[in-house]
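Notes to accompany the following structure.
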Amino acid sequence: MDFAAVLLEWYEKNGRELPWRKSGHPYEIWLSEVILQQTRMEQGLDYFERFLEAFPTVEALAAASQEQVLRQWQGLGYYSRARNLHKSAQQVVSERGGRLPGSSKEWLRLKGVGSYTAAAIASMAFNEDLPALDGNVYRVLARVFAIEHSIDSAAGKRHFEELATNLLPRGRAGAFNQAMMDFGSLVCRPVHPLCVQCMIQPMCEAFARDRVHDYPRRKGKKQPVDRYFYYFLFYWEEPPGAKQFFVQERDKKGIWQHMFDLPLMESSVKISDETVFTHADWRFVFGLEGWRQEQQPVDLKHLLTHRRIHARFYPVRVSGQARRALHQRYQQTSREDFHELPKSRLLERFISRLWS
DNA sequence: AAGACGGGGTC
DNA sequence: GACCCAGTCTT
């Protein structure tokens, strides 16, 4: 038996039961594929259910505000996925009367739908004969056929695409693509692959050479850029017991666009706590001078680091003049209202830890 | 072609 | 705490 036949046989017994596989609705498949870009199944499943409940149809999604959409996406990361999905839903409704695209070529025209997602949707929803190459597929092919091409080069991608096209059994693209992905995440896993119980193992070139962990090949990784975020929670109580504080909406470029966070000073280098409060450019935070007299002793909480983002968090009680000055630059909110705003996971953790 | 974009996982 | 994962858009 050839590779595709063994794989499909495995899939019939071991394929995962997923909500969007049952329904077969293009809208649900589209939504699931966008959520699962760069995201693990276990993490994305709840988001899929809640998102579909909030926006059951493409019309409902198009009619929602961006803030509502982002709030459903909160905590998932890569928020441009949500913004593109929203934009594309509006495009489908306004330009196509709510009728979803019927071919991969049409899907490709939508924002947030690239070559992988277009092929995945078209093969699953319409059984179009097209391979969908995601990270799982690259890994499986690289191992089974001991492919030396790097998966992060244009030439390498073309090579994998050609190989997958040749392997694809005509008329069974939907099952084949899903089988590849399930097999890649359940058996041919990135670390600790289950070679001992793998049905493909007899024909796996990497296994034969005892080189499973050398595939897929990649070019060298680059150094991540460090960004240091110094957040300020300027707060007061009014009336007593009801905490109020300032937030801002990030509406420019860069990370977390259109999401809410706290007044912030960013630096490309690490700054000590003392330096933040003595030498930093406070005008950037306050928009005014003459605020220093209002500053209270700082209760420094915790430090949280991300792979690239390093964030520190300073609660500062403010009153009177400083509050009026800050009002000109930031929006006021309360604990309860803040809960309803779209915000990053990072900030969510800051706030909940501070006021838990 | 290279970099930006998040969050969670492992060891 | 360092490293891994890997679709799409932007530059």
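Naming: A, B, ... by sequence-line order, numbering from 1 per chain.
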*Heavy-atom contacts under 4.0 Å between residues 173-186 of chain A and DNA chain C, which residues?*
none
_Below 30° counts as parallel, above 60° as perpendicular, anything between as tilted: where do the rings of W73(A) and F51(A) land?_
perpendicular
*asked:* Nearest whole Å is fine: how far is dG1(C) P from R308(A) CZ?
replied: 18 Å
*asked:* Ignoring hydrogens, what is the shortest heavy-atom contact between P131(A) and T165(A)? Give both atom names and the distance.
replied: CG-OG1, 3.5 Å
_Whole-Å distance separating the NZ atom of K253(A) from the C1' atom of dC9(C)_ = 11 Å
*asked:* Measuring centre to centre across the rings, with the benzene-like ring taken for any Trp, is W107(A) within less than 6.0 Å of F126(A)?
replied: no
*Can you tell me how far C1' of dT8(C) sits from CH2 of W30(A), to the nearest Å?*
15 Å
_So V113(A), base contact, sugar-phosphate only, or nothing? Heavy-atom distance under 4.0 Å._
sugar-phosphate
*Within 45 degrees of the axis of the six-membered ring of F229(A) and under 6.0 Å from its centre: does R227(A) put its NZ or CZ there?*
no
*Minimum-distance nucleotide to S115(A) side chain [options: dC9(C), dT11(C), dT8(C)]*: dT8(C)
*Are W30(A) and M124(A) connected in a single hydrophobic cluster, I mean Ile/Leu/Val/Met/Phe/Trp/Tyr linked by side-chain heavy atoms less than 4.5 Å apart?*
yes
*Please state how far atom CD in E266(A) lies from atom C1' in dA4(B), giving the value in whole angstrom units.*
13 Å
*Give the intermediate values and the outcome of side chain to side chain donor-acceptor pair (under 3.5 Å) for residues T39(A) and R81(A).*
CA-CA 11 Å; T39(A) 304; R81(A) 291 182 295 174; 3.0 Å; yes
*Is R50(A) close enough and on-axis enough to Y47(A), meaning under 6.0 Å and within 45°, for cation-pi?*
yes
*Any side-chain N or O of H192(A) less than 4.0 Å from the OP1 or OP2 oxygen of dC11(B)?*
yes
*What is the distance, rounded to the nearest whole Å, between atom CD1 of I255(A) and atom C1' of dC5(B)?*
7 Å
*Once the angle between the rings of F232(A) and F234(A) is folded into 0 to 90°, is it parallel (under 30°), tilted (30 to 60°) or perpendicular (over 60°)?*
parallel
*Is it true that the side chains of D261(A) and Q248(A) contain a donor and an acceptor less than 3.5 Å apart?*
yes
*Just compare dC5(B), dG7(C), dG7(B) and give me whichever is closest to any side-chain atom of Y116(A).*
dG7(C)
*Which parts of residues 35-44 of chain A get close to DNA chain C, meaning a heavy atom less than 4.0 angstrom away?*
Q37(A), Q38(A)
*Of the residues in residues 128-166 of chain A, which ones touch DNA chain C at a heavy-atom distance under 4.0 Å?*
D134(A), G135(A), R139(A)
*Members of residues 78-94 of chain A that approach DNA chain B, where some heavy atom sits under 4.0 Å away*: Y78(A), Y79(A)
_K343(A) NZ - dG6(B) P separation (whole Å)_ = 16 Å
*Determine, for E17(A) against R21(A), whether the closest basic-nitrogen to carboxylate-oxygen distance falls under 4.0 angstrom.*
no
*Could you list by number each residue of residues 211-218 of chain A showing a heavy-atom separation from DNA chain C of less than 4.0 Å, or answer none if no residue does?*
R218(A)
*Cut-off 3.5 Å, side chains only: do E348(A) and Q74(A) have a donor facing an acceptor?*
yes
*Which value, in whole Å, describes the distance between the P atoms of nucleotides dG6(B) and dT11(C)?*
15 Å
*With rounding to whole Å, what would you report as the distance between dA6(C) and dG3(B) at their C1' atoms?*
14 Å
*Rounded distance (Å) that lies between atom C1' of dG8(B) and atom CZ of R189(A)*: 17 Å
*Mind running salt bridge (charged side-chain N to carboxylate O under 4.0 Å, His left out) on R218(A) and D152(A) for me, showing each step along the way?*
CA-CA 6 Å; R218(A) 293 173 213 284; D152(A) 49 2; over 6 Å; no
*Within the side chain of R40(A), is there an N or O that forms a donor-acceptor pair under 3.5 Å with the backbone of L36(A)?*
no
*Would you say R227(A) reaches dG6(B)'s phosphate, i.e. side-chain N/O to OP1/OP2 under 4.0 Å?*
no
*Could you check how far NZ of K111(A) sits from C1' of dT8(C), rounded to whole Å?*
9 Å
*Nearest heavy atoms of E128(A) and S103(A), plus distance in Å*: OE1-CA, 3.5 Å
*asked:* For D337(A), give me all partners under side-chain contact (heavy atoms from CB on, under 4.5 Å), at least two apart in sequence or on another chain.
replied: T333(A), S334(A)
*asked:* Suppose we call two aromatic rings close when their centres sit under 6.0 Å apart. Are F145(A) and F3(A) close by that rule?
replied: yes
_Less than 3.5 Å apart, any donor N or O on the side chain of N136(A) or S185(A) sitting next to an acceptor on the other?_
no
